[in-house]
Amino acid sequence: MAMDGRTCVVTGSARGIGRGIAQHLGERGANVVINYRSSEEAALEAVDAIETAGGSAVTARADVADRDDVEAMRSVCHDAFGPIDVLVNNAGITADTQFTDMTREEWDRVMDVNLGGMFNCTQTFYDDIWNADEGRLINISSVVGKQGNFGQANYAAAKSGMFGFTRTIALELAQGGSTANCVAPGFTRTDMLEGVPETVLDRIIAGIPLARLADVEDVAAVVRFLASEDSSYVTGEVIDVNGGMDL
Ligand code: NAP
């Protein structure tokens with residue numbers, strides 16, 4: 001199978017896009033580390049689902065914004081599967097409000113998780129990725145990082161920050177033969193969209209050439225390609241998975 005024997009950490013993978021990625025990789029032969037911060041029960045369900053499909057998975061609790069937690073997660077991964085091949089920085093949060101009302105706390109919280117978490121996890125697993133045969137770093141950004149979005153100055157800044165980070169790490173990792181890429185999903189049906197009224201979603205869909213929101217599978221399939229050995233010569237890229245939103 002495409003991912004046979006490759007070990008992958010997917011942050012924030014008890015639910016949403018991360019869960020879809022973890023399941024997709026696990027069903028294709030990867031050993032998967034399901035990271036969660038608070039959704040323990042869902043994380044255990046994710047492990048069950050992967051094992052039922054014939055794969056291997058373990059849970060690892062860690063707040064990605066906390067470096068000690070992330071280092072403890074590395075120990076869990078190493079004890080279960082040894083060094084990893086693939087890190088997917090997926091964990092992310094929003095704290096939306098129009099910029100004039102945005103507090104410094106809302107700014108910092110989004111930066112701490114979305115960018116600080118990426119920093120902590122990438123640095124903690126950097127040696128594994130460097131030493132892996134075809135090591136992979138995959139960062140889940142957003143169409144909002146490219147286009148901006150009303151009420152999301154903090155989130156948009158964090159998500160576009162991922163682009164520059166990824167291109168730089170791609171240059172640094174290239175010397176060891178590993179790659180780094182971003183995936184930028186469009187609006188995807190998960191809990192993150194829960195508070196968005198259906199009328200607003202309808203307006204968003206009206207602006208999408210493929211005329212629907214993304215499913216987690218749409219994103220997971222692209223991540224699987226980037227995580228596999230099929231993408232050896234792709235690095236420093238931002239792959240849009242947005243139904244043609246910027247056409
Ligand atoms: P979601 O349903 O809200 O799930 C967020 C996930 O991130 C949860 O698994 C959560 O874990 C985890 N998480 C949050 N803070 C964390 C922390 N400090 N440490 C560890 N895990 C943490 O979101 P989603 O829609 O799946 O989004 C996943 C990624 O895709 C995010 O980076 C998001 O920005 C990006 N994205 C989403 C969309 C969209 O429309 N949904 C579009 C583009 C990009 P717990 O439940 O355990 O707390």
Side-chain angles (χ1 to χ4, degrees), residues 9-24 32-47 59-73 76 87-96 108-122 124 138-149 151-152 154-163 165-166 182-196 200-201 204-205 207-208 212-220 222-223 238-243 245-246:
V9 174
V10 185
T11 66
S13 51
R15 57 193 178 87
I17 291 174
R19 167 78 176 265
I21 293 168
Q23 181 89 28
H24 192 96
V32 186
V33 177
I34 306 286
N35 159 249
Y36 68 96
R37 178 191 48 178
S38 51
S39 302
E40 182 177 14
E41 202 174 314
L44 291 168
E45 281 167 22
V47 168
T59 61
R61 201 212 75 82
D63 178 341
V64 294
D66 182 316
R67 183 63 178 253
D68 292 341
D69 273 14
V70 174
E71 287 183 8
M73 172 163 73
V76 172
L87 169 64
V88 183
N89 282 313
N90 165 80
I93 58 164
T94 53
D96 298 350
D108 288 344
R109 187 149 40 97
V110 168
M111 294 300 154
D112 283 352
V113 174
N114 296 21
L115 285 181
M118 177 177 69
F119 175 90
N120 287 337
C121 293
T122 304
T124 299
I138 302 162
N139 295 321
I140 307 301
S141 178
S142 169
V143 67
V144 169
K146 288 191 149 179
Q147 300 190 349
N149 198 26
Q152 292 197 310
N154 47 2
Y155 181 76
K159 289 300 182 183
S160 65
M162 295 177 106
F163 301 151
F165 178 84
T166 304
C182 259
V183 173
F187 295 93
T188 310
R189 278 213 185 267
T190 68
D191 295 345
M192 194 171 266
L193 294 192
E194 221 169 43
V196 182
V200 174
L201 290 180
I204 291 171
I205 291 168
I208 301 174
R212 64 175 177 86
L213 300 177
D215 294 323
V216 296
E217 267 296 300
D218 294 318
V219 181
V222 174
V223 172
V238 178
I239 314 284
D240 295 325
V241 186
N242 64 22
M245 278 182 78
D246 46 4

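Start at 1 and go down the list; that is how both ligands and their atoms are numbered. When a residue number appears, it is its place in the shown sequence, counting from 1.
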[atom] [closest protein heavy-atom partner, distance rounded to 0.1 Å]:
{"atom": "atom 48 (O) of ligand 1", "answer": "Ser38 OG, 2.8 Å"}
{"atom": "atom 40 (O) of ligand 1", "answer": "Thr188 N, 2.8 Å"}
{"atom": "atom 6 (C) of ligand 1", "answer": "Gly12 O, 3.9 Å"}
{"atom": "atom 20 (C) of ligand 1", "answer": "Ala62 O, 3.4 Å"}
{"atom": "atom 11 (O) of ligand 1", "answer": "Arg37 N, 4.1 Å"}
{"atom": "atom 24 (P) of ligand 1", "answer": "Thr190 OG1, 3.5 Å"}
{"atom": "atom 44 (C) of ligand 1", "answer": "Ser141 O, 3.1 Å"}
{"atom": "atom 22 (C) of ligand 1", "answer": "Ala91 CB, 3.6 Å"}

[X] to ligand 1: N or O pair under 3.5 Å?
{"X": "Asn114", "result": "no"}
{"X": "Asp63", "result": "yes"}
{"X": "Ala65", "result": "no"}

Sub-4.0 Å heavy-atom approach of [X] to ligand 1:
{"X": "Gly186", "result": "yes"}
{"X": "Glu40", "result": "no"}
{"X": "Thr11", "result": "no"}

Can you check which of Asn90, Val183, Asn89 brings a heavy atom nearest to atom 31 (C) of ligand 1?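 Of the listed residues, Asn90 has the closest heavy atom.
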I'd like the name of whichever of Tyr36, Tyr155, Phe187 reaches closest to atom 36 (N) of ligand 1 through any heavy atom.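 Comparing heavy atoms across Tyr36, Tyr155, Phe187, the nearest one to atom 36 (N) of ligand 1 lies in Tyr155.
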With rounding to the nearest 0.5 Å, note down the distance linking OH in Tyr155 to OG in Ser141.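 Result: 7.5 Å between the selected atoms.
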Short list, please: which atoms of ligand 1 are under 4.0 Å from a heavy atom of [X]?
{"X": "Gly16", "value": "2 (O), 26 (O)"}
{"X": "Gly92", "value": "5 (C), 7 (O), 14 (C), 31 (C), 32 (O)"}
{"X": "Asp191", "value": "2 (O)"}
{"X": "Leu193", "value": "40 (O)"}

Shortest non-hydrogen contact between Ala14 and Ala43, atoms and distance: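 Shortest heavy-atom separation between Ala14 and Ala43 comes out as CB-N, 3.6 Å.
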With heavy atoms under 4.0 Å as the rule, classify the contact between Lys159 and ligand 1 as side chain, backbone, both or neither.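 Only the side chain of Lys159 comes within reach of ligand 1.
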Do Ser13 and Asn90 have a side chain donor and acceptor closer than 3.5 Å?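 Short answer, no.
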Scan side-chain atoms only and decide if Thr190 and Arg15 contain a donor-acceptor pair under the 3.5 Å cut-off.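 On atom types as modelled, these side chains do not qualify, holding no pair under 3.5 Å.
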Do Thr94 and Val110 make a side-chain contact, defined as non-hydrogen atoms from C-beta onward lying under 4.5 Å apart?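 Side-chain contact under 4.5 Å: no.
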Please determine whether side chain to side chain contact (heavy atoms under 4.5 Å, CB included) holds for the pair His24 and Val10, giving the CA-CA distance in whole Å, both sets of side-chain angles, and the decisive distance to 0.1 Å. CA-CA 11 Å; His24 192 96; Val10 185; over 6 Å; no
